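Just so we're clear, the structure is a prediction, and the values are computed from it rather than from any experiment. The residues of the chain are indexed from 1 along the displayed sequence. Computation of the quantities below employed the complete heavy-atom set of this structure, encompassing side-chain atoms and omitting hydrogens, waters and symmetry-equivalent molecules.
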Amino acid sequence: SVGQFINHSMVNLAVMLGQTNKPCKAASVRKPYTDKAMKNASGSSTVKSVKAGGMTMEYPGSLDLDKAGGLPFNLDSTAPSGYVQVVLSQGSKLLAAVGGGTPSGESGIRLKVLGKAKPGTAKLQLIFSPAGGTEASRTVKIRLRPGP
């Protein structure tokens, strides 16, 4: 029954994200990534973690821009429910965004970079509002590489 709950939660999250604006439709929800799968999908040699409130995000330390799949990351919530947003920007340019309601548990998300990203540093922002709680936000840097 735990497997069914996790699968049902991922389907609900995918449906909620698909019903939002265009940048969010570029996200795909799946089972959580292993560290090795995340490194392979992004071309990164490291996996980092950041926590905002009851939400933890694992993300690659860098991203090869010519990776067709986009930016992979895992979200793990300890809150029963809430609203999460993940935003990738470079300077004032929005490269990708995803947001939606989320149940407790872990999900893997691949976020397609829509904007014309350039090699350099980008900001990855995690915003989490648990149901009935206070919004928490954390911003980290991620390196964008031209690829091999």
- Item | From CA spacing to verdict: side chain to side chain contact (heavy atoms under 4.5 Å, CB included), V98, F73 | CA-CA 12 Å; V98 65; F73 59 92; 4.1 Å; yes
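- V140 and M38 are members of different hydrophobic clusters when ILVMFWY side chains are connected at heavy-atom separations under 4.5 Å.
- With rounding to the nearest 0.5 Å, the separation of CG in L124 from NZ in K141 is 13.0 Å.
- Of all heavy-atom pairs spanning A97 and L94, the tightest one is CB-CD1, 4.2 Å.
- When all heavy atoms of S45 and K39 are compared, the closest pair comes out as O-CE, 3.5 Å.
- Atom CE of M55 and atom OG of S104 lie 9.5 Å apart (nearest 0.5 Å).
- Smallest separation of non-hydrogen atoms from V86 and L126: CG2-CD1, 4.1 Å.
- With contacts defined as side-chain heavy-atom distances shorter than 4.5 Å, the pair Q125/S137 qualifies.
- In this structure, the side chains of L65 and P146 stay at 4.5 Å or more apart for every pair of heavy atoms.
- The shortest non-hydrogen separation linking K51 to R138 is O-CG, 3.1 Å.
- Here the CZ atom belonging to F128 is positioned 7.0 Å from the OG1 atom belonging to T78, to the nearest 0.5 angstrom.
- Taken from OG in S44 to CZ in R143, the straight-line distance is 8.0 Å, to the nearest 0.5 Å.
- Contact annotation: the side chain of L71 approaches that of I142 to within less than 4.5 Å [non-hydrogen atoms, C-beta and beyond].
- The backbone N or O of K118 sits less than 3.5 Å from a side-chain atom of Q90, completing a donor-acceptor pair.
- Shown here for E106 and P32, the closest heavy-atom pair between the two residues is CG-CG, 3.5 Å.
- Proximity of V113 to L144: side-chain heavy atoms (C-beta onward) are nowhere separated by under 4.5 Å.
- Counting all heavy atoms, side chain and backbone alike, Y33 lies closest to I109 at CE1-O, 3.6 Å.
- Separating the OG1 atom in T139 from the CD1 atom in I127 is a distance of 7.5 Å, to the nearest 0.5 Å.
- Remark: N74 CG to E58 CD distance equals 5.0 Å, nearest 0.5 Å.
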